[in-house]
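Encoded as structure tokens, the structure appears first; notes follow it.
Note that the coordinates shown come from a computational prediction; the quantities given were computed from them, not determined experimentally. Below, all heavy atoms of this structure are taken into account, side chains as well, without hydrogens, waters or symmetry copies.
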Amino acid sequence: MNSKRTFSDRFDWTLAFIMMLFCIVSLLAIASAQTSGQYGVNFVPKQLFWYFVGACIVAFMMYFEPDQYKKMTWYLYGAGIFILIILMIAPGGVGQIAEPRNGAKSWFHLGFADIQPSEFMKTFFILALAKTVSKHHEEYTIKSLKTDFILLGKISLVLLVPLAFIMKQPDLGTALVFFAITAAIIIVAGISWRIILPVAATVSVIGGSLLWMALYMQDFLSEKLGFSPYQFARIYSWLDPYSYSTGDGYHLISSLNAIGSGEIFGKGFMHREVYVPENHTDFIFSVIGEEYGFIGASIVICLYFFLIFHLTKLTLQMKDPFCTYVCAGIIAMITFHVFENIGMTTQVLPITGIPLPFISYGGSSMMGNALALGLVFSMKFHYRTYMFGNHDESDDF
């Protein structure tokens, strides 16, 4: 075993460099988003502070080995569920512990900051799924359709518990992230396609049916399934924003105008002309598109590609199945966030309030993503190489 690696050898400098580039992009975009004077607060030092907090979280998490996280998984998962329960029963409203936003009770108002527990629950959920799948494969060394159904049932139970509380808020965007993480780990777990394909077809039919019902059976969805009016409004304003230009379609129309006006090369730094509400958070991509045009937006998308590519390369190097599943879940979480956020600002997807990872302003988002990347840094830092292949796998991490 090669145990004489230095800190420089063990630290993931490539990932740290990518995060530094994201920090620069984020600070520039947020600084420009404030030029309209709609906030009265300088979010640039605040975002820099959250990046510092994220770096501290990563440094702290690197202290523990992946095997220790595996042992702590159910405690972290249980703690996340407990916090979601507290959020649900906490008094909400102005000056109260819980702060509703856009009809969703998803935030703790702590005075110095607003914290969204579901951002942390995403990482705890990934750990829980990874441990569930890896332990299942240890128990059932011979695969069959029966064992795959058993595994699918276990995964469903792990998903349904946090999903129930998140939908109660309600927070459809975060719920979709949980589904994306689950789908990725199901595929990586090696469940037979004879099961996956029918399940995927069923989900597609259900999704299409819900969309049709949202257009033609709103009363049924409201009374029987608890859909809220703002969720319907987001669907209608997505399909036909110009019919709702003074209401729910205003955000999308403004975003499309901003990105379209940037054309190929953009208008330049601090030269925005189109007003877009909340453009320092969920609609930060509209700022990038307007000021740096198609070229600048493409560079940002390529930066995400390099991040996903690097994480995928690390995943393929992992020898411990638990670490492989954790990395797969993190990749799915980041990829879905990017796809959904950019999609909603360009009318490809409906608006869900999902931030753009590492660029949108937000403490909860930054700390939640730092938790996820902290696991990756830990896996890289504690990864051990062996001179020979026949070793005890329990010593890998």
Side-chain angles (χ1 to χ4, degrees), residues 100-106 118 122 125 152 155-156 159-160 162-187 193 195-257 259-260 276-278 281-283 285-286 332-356:
R101 296 183 182 178
N102 297 323
K105 187 181 177 184
S106 307
S118 59
K122 293 173 187 176
F125 174 67
L152 197 59
I155 292 175
S156 300
L159 169 65
L160 290 176
L163 191 64
F165 294 108
I166 290 172
M167 290 302 295
K168 188 71 175 178
Q169 294 177 2
D171 188 351
L172 180 59
T174 300
L176 292 175
V177 177
F178 276 72
F179 279 118
I181 294 170
T182 304
I185 293 184
I186 285 176
I187 294 174
W193 283 99
I195 299 176
I196 294 178
L197 289 179
V199 170
T202 302
V203 171
S204 300
V205 170
I206 293 174
S209 300
L210 289 176
L211 180 59
W212 182 84
M213 293 171 70
L215 296 175
Y216 302 105
M217 298 180 64
Q218 300 91 336
D219 293 339
F220 177 82
L221 291 179
S222 300
E223 296 174 2
K224 303 298 181 181
L225 299 182
F227 278 66
S228 59
Y230 92 94
Q231 291 173 328
F232 291 120
R234 285 188 170 181
I235 294 176
Y236 304 149
S237 61
W238 165 51
L239 297 174
D240 186 12
Y242 293 95
S243 296
Y244 302 87
S245 58
T246 59
D248 296 295
Y250 180 75
H251 279 77
L252 179 55
I253 293 173
S254 301
S255 177
L256 293 174
N257 290 336
I259 295 173
V276 182
E278 303 299 329
T281 53
D282 297 344
F283 285 86
F285 190 75
S286 66
M333 179 183 73
I334 295 175
T335 302
F336 184 83
H337 266 262
V338 174
F339 185 76
E340 169 59 31
N341 181 274
I342 295 178
M344 76 180 190
T345 59
T346 55
Q347 204 185 356
V348 175
L349 295 170
I351 296 174
T352 57
I354 290 180
L356 190 60

Side-chain polar contacts of residues 195-213 - donor-acceptor pairs under 3.5 angstrom, sequence neighbours left out - could you list them?
{"unit_1": "T202", "atom_1": "OG1", "unit_2": "P198", "atom_2": "O", "d": "2.8"}
{"unit_1": "S204", "atom_1": "OG", "unit_2": "A200", "atom_2": "O", "d": "2.9"}
{"unit_1": "S209", "atom_1": "OG", "unit_2": "V205", "atom_2": "O", "d": "2.7"}

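Annotation: the span from L172 atom CG to I351 atom CD1 amounts to 13.0 Å, rounded to 0.5 Å. Note that CD1 of I181 is 10.0 Å distant from CD1 of I334, once rounded to the nearest 0.5 Å. For the atom pair F165 CZ and D171 CG, the distance stands at 15.0 Å (nearest 0.5 Å). Note that CD1 of I186 and CZ of F179 are 10.0 Å apart. Values are rounded to the nearest 0.5 Å. One distance of note links CD1 of I166 with OG of S118; it measures 5.5 Å at 0.5 Å rounding.
Residues satisfying the side chain to side chain contact (heavy atoms under 4.5 Å, CB included) criterion with I259, sequence neighbours excluded, are S255, F285, S286, T345, T346.
Looking at heavy atoms from C-beta onward, I342 lies in side-chain contact with L356 at the 4.5 angstrom threshold. M344 has its side chain within reach of D282: a pair of non-hydrogen atoms, C-beta onward, lies under 4.5 Å apart. Contact check for L349 versus F339: side-chain heavy atoms found under the 4.5 Å cut-off. Counting only heavy atoms from C-beta outward, the side chains of F125 and I185 never approach each other to under 4.5 Å.
Shortest non-hydrogen contact noted between P277 and H251 is CB-NE2, 3.4 Å. In terms of heavy-atom proximity, H337 sits nearest to P355 at ND1-O, 3.3 Å. For the residue pair I253 and P241, the shortest heavy atom distance occurs at CD1-O, 3.4 Å. Summarising the geometry of F178 relative to K122, their closest heavy-atom pair is CE1-CG, 3.8 Å, with the distance given to 0.1 Å. In terms of heavy atoms, A175 sits closest to L163 at CB-CD1, 3.6 Å. Closest approach of I354 and G173 over heavy atoms only: CD1-O, 3.4 Å.
More than 12 heavy atoms of other residues, nucleotides or ligands sit less than 6.0 Å from atom OH of Y236.
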